[in-house]
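Right, one structure below, let's go through it.
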Amino acid sequence: MRSKYFSRLTGVASAVLLIIFGCKGKPSLSSDDARYVRTTLSLIRLRGSLTPTSDTIETKRRLDSLYKDFGTSKDKYLAESKSIGGDAARAGMVYTAIRDSLGVK
């Protein structure tokens, strides 16, 4: 159990460091956008850990827990996604931060 926690903590810390140092010289993300990026990265990791036979109740519990960890909910996250999508410059910065954090070229 400790290994999973450490792995998750390391992943989140790595993402934050990549956002901070990887975007040097680029416009800064607001604290809300940085939280959105961290939440998105965690959702991506969670999706990667699911299997076709994953129990839907357990998956919902894990998603709810993840949203709670980031101080949001599914509805708030989706509303934030819509808000970001309505601003091209903001969407570009957020997308770039996510892409850079994932190591996509």
Side-chain angles (χ1 to χ4, degrees):
M1 186 68 163
R2 182 175 182 191
S3 177
K4 283 185 179 181
Y5 175 76
F6 182 75
S7 176
R8 183 175 180 197
L9 182 62
T10 302
V12 171
S14 297
V16 171
L17 289 175
L18 282 171
I19 290 168
I20 292 169
F21 294 111
C23 297
K24 204 174 213 180
K26 298 178 186 175
S28 307
L29 294 174
S30 69
S31 61
D32 288 340
D33 288 346
R35 185 183 66 226
Y36 178 86
V37 169
R38 290 189 307 270
T39 304
T40 301
L41 292 169
S42 292
L43 286 167
I44 291 168
R45 285 188 195 92
L46 175 61
R47 182 176 180 200
S49 72
L50 299 175
T51 64
T53 59
S54 292
D55 179 77
T56 55
I57 294 172
E58 179 63 18
T59 300
K60 183 177 179 348
R61 187 196 62 75
R62 289 174 65 188
L63 284 167
D64 290 344
S65 177
L66 186 144
Y67 287 126
K68 185 177 178 182
D69 288 348
F70 288 99
T72 192
S73 67
K74 179 181 177 181
D75 292 336
K76 288 179 184 176
Y77 178 82
L78 294 175
E80 188 69 15
S81 297
K82 187 175 181 178
S83 172
I84 290 169
D87 180 345
R90 183 178 174 207
M93 286 187 343
V94 169
Y95 174 77
T96 299
I98 292 167
R99 186 191 66 212
D100 289 351
S101 296
L102 292 172
V104 177
K105 301 281 179 186

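Heavy atoms only: backbone and side chains are in, while hydrogens, waters and symmetry mates are out.
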Between OG on residue Ser81 and NZ on residue Lys76, distance to nearest 0.5 Å: 14.0 Å
Side-chain donor or acceptor of Thr40 paired with backbone N/O of Tyr36 under 3.5 Å: yes
Main-chain N/O of Ala97 paired to Ser101 side chain as donor or acceptor, under 3.5 Å: yes
Option from Ile57, Asp64, Thr56, Leu63 for which side-chain contact (heavy atoms from CB on, under 4.5 Å) with Lys60 holds: Asp64
CA sep, side-chain torsions, deciding dist, call: Arg90, Glu80, salt bridge (charged side-chain N to carboxylate O under 4.0 Å, His left out): CA-CA 11 Å; Arg90 183 178 174 207; Glu80 188 69 15; 2.3 Å; yes
Shared hydrophobic cluster for Tyr95 and Leu102 (ILVMFWY, side-chain gaps under 4.5 Å): no
Arg99 side chain near Thr96 side chain, heavy-atom distance below 4.5 Å: yes
Aromatic ring pairing Tyr77/Tyr67, orientation class (parallel under 30°, perpendicular over 60°, tilted between): tilted
pair Arg62-Ser49: side-chain heavy atoms closer than 4.5 Å: yes
Spacing of Leu46 atom CG and Leu41 atom CG [to the nearest 0.5 Å]: 12.5 Å
Separation of Asp69 CG from Ser42 OG (nearest 0.5 Å): 8.0 Å
Gap between atom CZ of Arg38 and atom CZ of Phe70 - 0.5 Å precision: 6.5 Å
Sidechain-backbone polar pair: Ser83 side chain, Ala79 backbone, donor-acceptor under 3.5 Å: no
